[in-house]
Structure formats: C-alpha cells, structure tokens
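What follows is a single structure, written as structure tokens, with notes after it.
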Amino acid sequence: MTINENSSNISRRTVVSGATILAGAALVGSASAQTKPSSQKRFTGKTVLITGGTSGIGAATAKAFAAEGANVAFNGRRAELGRAVEAEIQDAGGTAHYIQSDVRDRDQVFGFVEQTMEKFGRLDIAFNNAGIAIPPSPMEETTIEGYRDIIRTNIDGVFYAIQAQLPIMKAAGAGVIINTSSAFGSHAPNTQVAYGATKGAVEAITEGVAKEAGPSGVRVLAVAPGAITQTDLFRFIGRDWTTEEVAFFGTLAAMGRAGTPDEIAKVVLALSSDEGSFVTGATIPIDGQFLQA
C-alpha cells in the first residue's frame, strides 16, 4: 500500500482512525494491567511469539501481552537484554520465556518456533518485529555488507518466521500474525533507501500471505511505526545530533513529537484481540502522520 495517491492516503488514514479506536481499549502499563482479575485479561491462555523482543518495541509489546495474561515467548541475539526482559516480566507476575536466536538463520527461526510449541503447546499470535537499521547514507555510499545484513534481517527474518508460524495456525484454524514495517516502507528518504526497501517488502509479504491465510481463519497484517524513541532507527538518525535536533525530528510528524514503544504495543494488542477480528492484509500506520504534516 502506498501513500502517493489520494485514494491510498484516504485508505491509510481511515485504517489509522480504526486502529486508534481499537487501541483505546488496550491496557499496556504493567501496574494497571496487573491489577486486573485474570478473567478480565484479554490474552489469558494464549501464547504469543515475538521476534526481536529484547528491546524497544519488541520488549514493550512482550511486557504488554504478559500483563494481559499471555504466555510470551520471545527471541533476540542479545542474551543479557533478553534475560533482563524475561526477569522483569516474571517479577511482575507474568509468563515469559526468552530464547536466544538469530532471525537471519532459518534453522534458528524454526527452532525458536518449535521450542515455543514445546514450552506452551500452542501458538495464537506472532509479532514478527525483529529488524535493524543501518546508518543513513547516500545510495552510492551504502555498503554492500550493510545492505545484505539489512535484507537478511528485515526481509528474510520475516519470511522465515511466517514459514514456521503459518502451518501451525492453519492447522488450528485461527491465529494472528503481525509484522513490523515502517513509515519509511511507503516513503523512504534519500538516505534510507535500503531500509525503506526492506520495509516495503514486508508490506508486500503481509498482503500476499493474508490472502493465502484468510480462508484458514488466520489474519496477517503489519504495523508501520514512524519516529519511535528507543529504537535502532531513531538512534541512527539522531547520532551526533543535539537534543534540539532530535526533538525536531519528532516534529516531522503532524502530532509534533516522536512516539514511544508503548504506543506501538497498544495498537498491536488491540489488533491481536477480538477487537481487530475483521482486520487483515492491511498495513496500519502508527506514526503520528510522520513526514505528512
């Protein structure tokens, strides 16, 4: 889905409004969510798998799902961070299982999914969030090493994950797969061509798999964050910038600020719940209307 035509703009903005309404019901703050009786938690008994759950958006979403009663399995390459997120969730009374693995390796991705099934016995929701950014540079200065690594992580990682997850959900006759795209997936700046290309590919994969999976009762969609704090892309763009310059980057959104990982998590949870039961194949922008003000 692009934003270059008026009809596409209308379509994307309509979906955003729907996502905002859905997100209003989401409880992400661990303190408030932990006070809810288990009978009122939306994901009690569900198993959620998250790639790239050791920091940023992935970690915030793992905590949010656990606070709403889900059994959460998540992966990432950085074991120290993964163990810390796992411990934080468990200390708050949630259920989490960290598995160190690399989405660039198909065998490791399949192993992660298999270990999740062995641990929890089911797979209801998958959030394929793992991704990297590379330092911004003109097209002719982008290194081949950086280009190949971002392709392997952002495209191959999502492709492998869906290959492992989809048969399980099809067999169960239900499931939700959410992939992380980006505002740059539909309008990449001239210094992030490689990154934008990978996120555009994620949106194409999402739409195609949704058509395949729909008859089996599986929903597949993507979320497209904009400038979000505590993420690699934001850190790269803000490298060597003053505090004022980083703040200005946030003002490139119509809402006049950068978003937070918790704000992404709210929408992911809403879309994963029954409140999003008729949403599939779409890419939901969660970007404060980034670069469109």
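In this structure, Lys41 and Gly69 approach most closely via the heavy-atom pair CD-N, 3.9 Å. What you find for Val176 and Ser272 is that their closest heavy atoms are CG2-O, 4.0 Å. Contact detail for Val85 and Ala59: the closest heavy-atom pair is CG2-CB, 4.0 Å. Here the closest non-hydrogen pair linking Ala66 and Val72 is N-CG2, 3.7 Å. The two residues Gly226 and Ala183 come nearest to each other via the heavy atoms CA-CB, 3.9 Å. Considering all non-hydrogen atoms of both residues, Leu269 and Ala64 come closest at CD2-O, 3.7 Å.
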How far apart are the C-alpha atoms of Lys199 and Glu203, what are their side-chain angles, what is the distance that settles it, and do they pass the salt bridge (Lys or Arg N to Asp or Glu O under 4.0 Å) test?
CA-CA 6 Å; Lys199 294 306 185 177; Glu203 296 185 12; over 6 Å; no
Start with the C-alpha gap between Lys211 and Glu207, add the side-chain angles, then the distance that decides, and say whether side-chain contact (heavy atoms from CB on, under 4.5 Å) holds.
CA-CA 7 Å; Lys211 294 173 181 176; Glu207 183 177 357; 3.6 Å; yes
Arg83 vs Glu86, salt bridge (Lys or Arg N to Asp or Glu O under 4.0 Å): CA-CA, chis, key distance, verdict:
CA-CA 5 Å; Arg83 297 300 179 200; Glu86 180 185 58; 3.5 Å; yes
Could you walk me through whether Arg104 and Asp149 pass salt bridge (Lys or Arg N to Asp or Glu O under 4.0 Å), step by step?
CA-CA 8 Å; Arg104 298 174 298 183; Asp149 195 31; 2.8 Å; yes
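Evaluation of the ring-ring contact (aromatic ring centres under 6.0 Å, His included) test over residues 72-114, restricted to residues two or more places apart or in two chains, returns Phe74-Tyr98. Screening residues 87-101 for salt bridge (Lys or Arg N to Asp or Glu O under 4.0 Å), with sequence neighbours left out, gives Lys63-Glu88.
How far CD1 of Ile134 is from OH of Tyr147: 10.0 Å, rounded to the nearest 0.5 Å. A distance of 4.5 Å separates OG1 of Thr198 from CD1 of Ile150, quoted to the nearest 0.5 Å. With rounding to the nearest 0.5 Å, the separation of CD1 in Ile178 from CD1 in Ile284 is 9.0 Å. The distance from the CZ atom of Arg122 to the OG1 atom of Thr116 is 13.5 Å, given to the nearest 0.5 Å. Taken from CD in Glu263 to CD1 in Ile286, the straight-line distance is 9.5 Å, to the nearest 0.5 Å. The structure places CG of Asn179 at 12.0 Å from CD1 of Ile155, a figure rounded to the nearest 0.5 Å.
With Ser216 contributing its side chain and Val218 its backbone, the two residues share no donor-acceptor pair below 3.5 Å. Within the 3.5 Å criterion, the main-chain N or O of Arg77 finds a donor-acceptor partner in the side chain of Gln100. A side-chain donor-acceptor contact under 3.5 Å links Asn154 to the backbone of Ile132. Here the side chain of Arg219 pairs a donor or acceptor atom with the backbone of Leu271 at under 3.5 angstrom.
The hydrophobic cluster containing Met139 also includes Val193, under a criterion of side-chain heavy atoms closer than 4.5 Å among ILVMFWY residues, counted directly or through chains of members.
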Could you give the side-chain donor-acceptor pairs of residues 162-173 under 3.5 Å, partners two or more places apart or in another chain?
unit_1 : atom_1 : unit_2 : atom_2 : d
Gln163 : OE1    : Arg106 : NE     : 3.1
Gln163 : OE1    : Arg106 : NH2    : 3.4
Gln165 : OE1    : Asn128 : ND2    : 3.1
Gln165 : NE2    : Asn128 : OD1    : 2.8
Lys170 : NZ     : Glu212 : OE2    : 2.7

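Qualifying salt bridge (Lys or Arg N to Asp or Glu O under 4.0 Å) partners for Glu114, counting only residues two or more places apart in sequence or in other chains: none. When the ring-ring contact (aromatic ring centres under 6.0 Å, His included) test is applied to Phe127, no partner is found at least two apart in sequence or on another chain.
For the pair Thr206 and Ser181, the minimum side-chain heavy-atom distance is 4.5 Å or more. Taking the side chain as every heavy atom from C-beta outward, Phe43 and Asp124 never approach each other to under 4.5 Å. You'll find the side chain of Asp156 stays beyond 4.5 Å of the side chain of Val103, heavy atoms only. Counting heavy atoms from C-beta outward, Val220 and Ile205 have side chains that stay 4.5 Å or more apart.
The side-chain hydrogen bond (donor to acceptor under 3.5 Å, both in side chains) test with Ser137 is passed by exactly one of Asn190, Thr142, Thr191: Thr142. A side-chain hydrogen bond (donor to acceptor under 3.5 Å, both in side chains) with Ser101 is found for one member of Asp107, Thr51, Asn75 and no other, namely Asn75.
By the criterion of side-chain heavy atoms lying less than 4.5 angstrom apart, applied directly or through intervening Ile, Leu, Val, Met, Phe, Trp or Tyr residues, Leu81 is not grouped with Ile50; the two fall into different hydrophobic clusters. Note: the hydrophobic cluster containing Ile264 also contains Val279 (ILVMFWY, side chain heavy atoms under 4.5 Å, direct or indirect links).
The neighbour count for Phe159 CZ, taken as heavy atoms of other residues, nucleotides or ligands under 6.0 Å away, does not exceed 12.
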